Amino acid sequence: MNEEIMKEDTGTHDPSLPESPETPLKETVSTFRLVATLAVAGALAGLLIVLVNQHTKPIIDKYKAEQLKIAVYEVLPGVERYSTYYLVNDRLSLNIPEGNKDSDYRRIYVGYDILDEVSGIAISRGESGFQDVVQIIFGFNPTTGKLSGMKVLDSKETPGLGDKIFKDMAFVKQFFAGPETPLIGVKIGAGKGKPNEIDTITGATISSKVVIDIINHALEEWRPVIDRGIPKAPVVSKFEETKQ
Amino acid sequence: MTDSSVKITASPHVRSAESTIKIMWSVVISLIPVVAASIYFFGPSAILVLLASIAGCLLTERLFGSTPGSLADGSAMITGLLLGLTLPPGFPLWMAFLGGGFGMAFGKIIFGGLGQNVFNPALVGRAFLQAAFPVAITTWPAKTQHWWALQGDNFALPFMSPVVDATSSATPLGNLKFGDDPVVTPVIDLFLGTTGGSLGETSALLILLGGIYLAWRGHLNWHIPLSIFVSTFVISGLFFALGISQFPPLFMLFSGGMMLGAFYMATDMVTSPITNKGCWLFGFGIGFLVVIIRVWGGLPEGVMYSILLMNALVPFINRATQPRLFGTSRKKKKEAGS
Amino acid sequence: MRKTTPSQDFIRGIWNENPVLIQMLGLCPALAVTNSVKNALAMSAATFFVICCSSVLVSSCKRFIPNEVRISAYILVIATFVTLADMLLQAYAPVQHKELGAFIALIVVNCMILGRQEAFSAKNNVYRSLLDAIGTGIGFTIALVMMGGFREILGTGSFLEYSLFGANFEPWVIMVLPAGGFLTLGFILLAMGFVEQRKKTKTTLTAEQSP
């Protein structure tokens with residue numbers, strides 16, 4: 001207890017001045033004590049964090065799952081429930097190999113209609129936009145290849161310009177109107193009426209083309225996997241979500 | 001201001017027989033054809049936008065300028081004129097005014113006035129406007145039917161958005177980069193100025209003439225524009241030949257703000273290097289950055305940012321090109337090294 | 001070293017030694033997350049929580065912390081409370097948490113907090129340390145809300161999401177971008193320096209030196 005250096009000091013410090021060094025030490029504190037103090041403090045801190053984490057984690061996870069669920073159902077209208085499929089060894093699987101982290105695997109969300117038929121697939125993907133990565137989720141029908149919806153999950157695009165990719169409803173609605181894929185972006189008014197045209201946003205051409213590119217790239221990547229077949233008759237797994 | 005005995009290190013271009021005022025006003029004179037052309041192409045909107053940005057600059061200089069006589073030296077006038085020329089014709093006047101004031105205050109006065117600034121004040125104003133009002137500054141309203149009609153919502157109330165009709169035309173650069181069927185605008189159109197764009201962006205020919213006039217009068221260091229053109233031409237030519245970029249080199253030279261930037265912005269005496277060697281480095285850097293930004297950047301045009309970036313490097317260029325260090329063949333410029 | 005009264009401890013951090021505007025500490029969050037008043041308030045609240053808890057803990061445990069490892073101990077204490085604040089915000093204000101992103105975690109390295117521990121809490125009793133922490137926290141909040149207000153009014157035309165200018169307002173996009181943070185801080189410091197200078201020339205007192 002080196003009280004001599006921890007004496008009460010009621011004076012204040014001018015913070016602009018460098019902190020004056022403490023009174024010279026008379027005895028060196030043993031390394032053991034230093035380590036022990038920090039270890040005890042660390043243990044206490046860890047305990048506190050664990051306690052709070054136990055309390056907040058379920059809330060946080062629930063919120064995240066809720067957000068994902070809302071997004072999936074939004075881009076897959078008319079879907080009754082969905083299952084998460086992981087890409088394991090280039091095949092779709094409902095489960096990941098034992099002992100692996102769930103976040104290490106890329107996945108798609110397969111939606112089923114009331115008759116338990118596959119009626120839509122949602123894919124989330126991010127690519128760099130004008131400012132930072134734009135993360136979107138979109139749904140499409142694997143038999144017709146038509147899109148059923150798109151939602152921007154995360155974007156830091158320029159406020160007032162690039163953020164129109166999720167604020168400009170005229171742009172967003174086009175993805176819900178069932179355009180065919182692969183999409184092509186056209187300037188408003190320049191379209192030729194093809195079923196795969198998406199009108200880009202004036203002044204935010206890059207951001208709107210990023211959305212279109214993400215969808216096209218994701219489909220290019222996933223179509224072969226999906227066409228190889230989605231394991232039928234899904235077993236009810238813990239990842240399964242049902243609409244409430 | 002004939003200071004033959006006093007050595008000024010900040011602006012060595014100012015020679016004993018000449019005064020700042022003289023140089024500044026001859027720059028203004030050389031810009032008259034460009035201004036006239038912009039009025040010819042864009043009608044009364046051009047006058048309004050130019051006047052607004054000039055007013056912003058003059059007022060700011062008058063209010064905050066360090067020396068009382070600084071208004072008369074014409075530098076504020078040039079800043080306003082150049083800034084106005086980089087703006088689209090349908091630009092709201094209050095924004096042009098604000099840009100002028102901002103460029104003047106934060107590009108020049110805050111550094112201590114003329115001769116002390118690091119960046120070209122007109123480009124500082126333009127950069128601010130680009131960042132603050134990205135939509136308005138990239139809206140190029142389709143040409144109006146009558147010459148005397150306004151080109152857009154010039155009279156938008158302060159703090160209010162301009163009301164723009166849906167038909168906006170594209171600039172040659174924007175069209176090539178983001179258009180649906182990219183077309184390379186014929187170089188002759190770019191050269192004569194029959195294309196859309198900012199007030200001073202359209203006619204390369206007139207800017208070229210003005211620039212040559214200034215260079216002939218000795219008010220402009222021709223090394224800078226030449227080095228910019230050479231580097232832009234060579235680098236974009238290389239990329240074009242390799243098939244990396246879709247911009248033909250001549251198109252690169254005559255489109256966008258290239259001409260105006262190279263002749264009038266990059267050559268700003270205060271913010272460009274002292275030695276000719278430094279000027280070549282400076283110009284090469286600008287050309288290189290312009291090509292990079294135009295080909296890969298998120299913006300259609302990169303002249304402004306290239307010049308501003310290179311402005312920031314000028315002190316280093318000056319130090320690196322100090323003639324007395326290694327220069328054995330550059331003794332004639334000895335007096336220029338600070 | 002002059003003695004200060006508890007009330008001075010409290011007031012000092014709010015204005016005379018405002019952490020952001022005078023001491024220039026904690027500029028990272030002040031620049032990064034003040035693009036709206038709401039974000040500024042959330043950040044201030046998290047920081048306020050961390051600085052108060054840390055100050056209380058550090059001042060009450062100062063006898064057990066060996067001098068050689070005091071900085072590590074302070075960081076440990078601060079990091080713990082930051083982690084708590086992070087988790088609590090994520091659980092109860094997920095939208096704000098997403099907006100603030102990594103900057104919550106970066107409260108750990110906010111020199112303002114560490115500075116108060118080292119300069120004050122380590123040497124004063126719990127009561128005074130808490131007063132000091134509250135004062136500093138309020139000062140930080142004032143600075144952030146000032147910046148957030150300025151940026152939100154110009155950048156989105158609203159204050160606390162309440163629209164001020166109507167639908168036709170032209171937002172100054174730059175103000176909600178990072179560059180706007182620097183501009184705003186510059187404006188505020190410019191104004192404060194201007195006022196300070198005028199005060200000085202008016203009074204021309206040498207006693208102005210120390211607060």
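Order of the sequence lines fixes the chain letters, A, B, ..., with proteins taken first and strands second; residue numbering starts at 1 for each chain. None of the values given here were measured: they were computed from a predicted structure.
When the shell of 6.0 Å around CZ of F187(C) is examined, it contains more than 12 heavy atoms from other residues, nucleotides or ligands. For F165(C), the CZ atom is densely surrounded, since the number of other residues' heavy atoms within 6.0 Å is greater than 12.
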Please report the C-alpha distance between Y63(A) and V95(C) in whole Å, then the side-chain angles of each, then the deciding distance to 0.1 Å, and finally whether the side-chain contact (heavy atoms from CB on, under 4.5 Å) criterion is met. CA-CA 10 Å; Y63(A) 176 77; V95(C) 180; 4.1 Å; yes

F64(C) vs V40(A), side-chain contact (heavy atoms from CB on, under 4.5 Å): CA-CA, chis, key distance, verdict: CA-CA 11 Å; F64(C) 309 107; V40(A) 171; over 6 Å; no

Output, in order, the C-alpha distance, side-chain angles, deciding distance and verdict of side-chain contact (heavy atoms from CB on, under 4.5 Å) for E68(C) and T31(A). CA-CA 10 Å; E68(C) 287 84 349; T31(A) 317; over 6 Å; no

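Each of C61(C), S72(C), P66(C) was compared with T37(A) under the side-chain contact (heavy atoms from CB on, under 4.5 Å) criterion, and only P66(C) meets it.
Closest approach of I59(A) to A91(C), counting heavy atoms only: CG2-O, 3.5 Å. Nearest heavy atom pair, residue I60(A) against residue Q90(C), reads CG2-NE2, 3.5 Å. Closest heavy-atom contact between T80(C) and I49(A): CG2-CG1, 3.9 Å. The nearest pair of heavy atoms linking K98(C) to L153(A) is NZ-O, 3.0 Å.
Residue L88(C) touches chain A through both its backbone and its side chain, counting heavy-atom pairs closer than 4.5 Å. With a 4.5 angstrom heavy-atom cutoff, K64(A) touches chain C only via side-chain atoms.
For residues 122-131 of chain A, the set of pairs meeting the salt bridge (charged side-chain N to carboxylate O under 4.0 Å, His left out) definition, not counting sequence neighbours, comprises R125(A)-E127(A), R125(A)-E221(A).
Within the model, atoms CG of L38(A) and CG of L76(C) stand 7.0 Å from one another, a figure rounded to the nearest 0.5 Å. Taking CG of L51(A) as the start and CG of L84(C) as the end, the distance is 9.5 Å to the nearest 0.5 Å.
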